[in-house]
Amino acid sequence: MGGFAWVTLATNDSYSLGALVLAHSLRRAGTKHDLAILITPGVTQVMREKLASVYSLVQEVNVLDSKDEANLALLARPELGITFTKLHCWRLTQYEKCVFVDADALVVRNCDELFEREELTAAPDVGWPDCFNSGVFVFKPSQQTFASITSFAAEKGSFDGGDQGLLNSYFSDWAHKDISKHLPFIYNMCSTATYSYLPAYKQFGENVRIIHFIGATKPWLQYFDTETSTVHPPSGCNHLQPLLQLWWNIFCENVYPKLS
Ligand code: UDP
Ligand code: MN
């Protein structure tokens, strides 16, 4: 019992590809801590075996759906209800503290120092910086907290239909109470920010620790030329090509050779 773990979630084989790259990125960055993944029945047996080769814990959980179709429709992201499944991470009480990281993220430098932070520590969201982005957050597993958040969810719902709205309502003092619970943006750099504020990316980009590919165009959905080993994002894609290339380099080196 005890110890620290990185935790992610995949409800299907597609997000599992992201989770495999994420796990290898953490290993390459030299983390000392465990890797754990929550999966749902939608992940195939073959994929579970691939995940088990790099995650020390592959835990199946049930899909918790927000059933909040009106709000989700507003976001035009009907699949986001699934992210309520994230709440199961609070049940990993075999660990003392964890950092949740979305499966569409990439760790580019060691960030084990995150485990020095307390629940709930996260970085601001680019869309509304008084909310935290729920793609990277430090939390303390606890059955009690799990019960409390799920009953809060059932009663109050989520203002955006997803886990981010819910968690921001539950941890509602995040914006103003304790600055030590605010992570610098470099721990959850939404790759679209390179597009909306390129000068800042040029100035600070080399300090980035975690890249988060938010939005519908995930790295694994991009066109990849196997002849030249380069990814070709479509014009208008909000993720910078070099960042997508970093993801694909790990995919080619560590994931693809073991897929078949
Ligand atoms: N997720 C999943 N299956 C889905 C959608 C989401 O497993 O169909 C998980 C996955 O870990 C993902 C996280 O929930 O990274 C949050 O969703 P996403 O990253 O797509 O949201 P965004 O960061 O783009 O808002
Ligand atoms: Mn994400």
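Both counts, for ligands and for their atoms, begin at 1 and track the order of listing. Only this structure's heavy atoms are used, side chains among them; waters, hydrogens and symmetry mates stay out.
- Near N12, meaning under 4.0 Å from one of its heavy atoms, ligand 1 places the atoms 8 (O).
- W248 and Y256 have their aromatic ring centers separated by at least 6.0 angstrom.
- Close approach of ligand 1 to A10 (heavy-atom distance below 4.0 Å) involves ligand atoms 7 (O).
- The Mn ion (ligand 2) sits nearest to atom OD2 when only the N, O or S atoms of D102 are considered.
- Counting only heavy atoms from C-beta outward, the side chains of L221 and Y223 never approach each other to under 4.5 Å.
- Annotation: H212 places an N or O atom under 3.5 Å from an N or O atom of ligand 1; distance criterion only.
- I37 CD1 to L51 CG: the interatomic distance, rounded to the nearest 0.5 Å, is 4.5 Å.
- Near K218, with a cut-off below 4.0 Å to any heavy atom, the atoms of ligand 1 are 18 (P), 19 (O), 20 (O), 22 (P), 24 (O).
- Within a 6.0 Å radius of CD in E206, no more than 12 heavy atoms belonging to other residues, nucleotides or ligands are found.
- Restricting H212 to its N/O/S atoms, the shortest distance to the Mn ion (ligand 2) is reached by NE2.
- Interface atoms of ligand 1 facing T11, defined by a heavy-atom separation under 4.0 Å, are 2 (C), 3 (N), 4 (C), 7 (O), 8 (O).
- Considering both main-chain and side-chain atoms, F100 never comes within under 3.5 Å of ligand 1 through any nitrogen or oxygen pair.
- Near D102, meaning under 4.0 Å from any of its heavy atoms, are these atoms of ligand 1: 13 (C), 15 (O), 16 (C), 19 (O), 23 (O).
- When only interatomic distances are considered, the shortest N/O to N/O separation between G215 and ligand 1 falls below 3.5 Å.
- Ring centroids of F139 and W90 are separated by less than 6.0 Å, placing the two rings close together.
- Any N or O atom pair closer than 3.5 Å counts here, and L9 shares at least one such pair with ligand 1.
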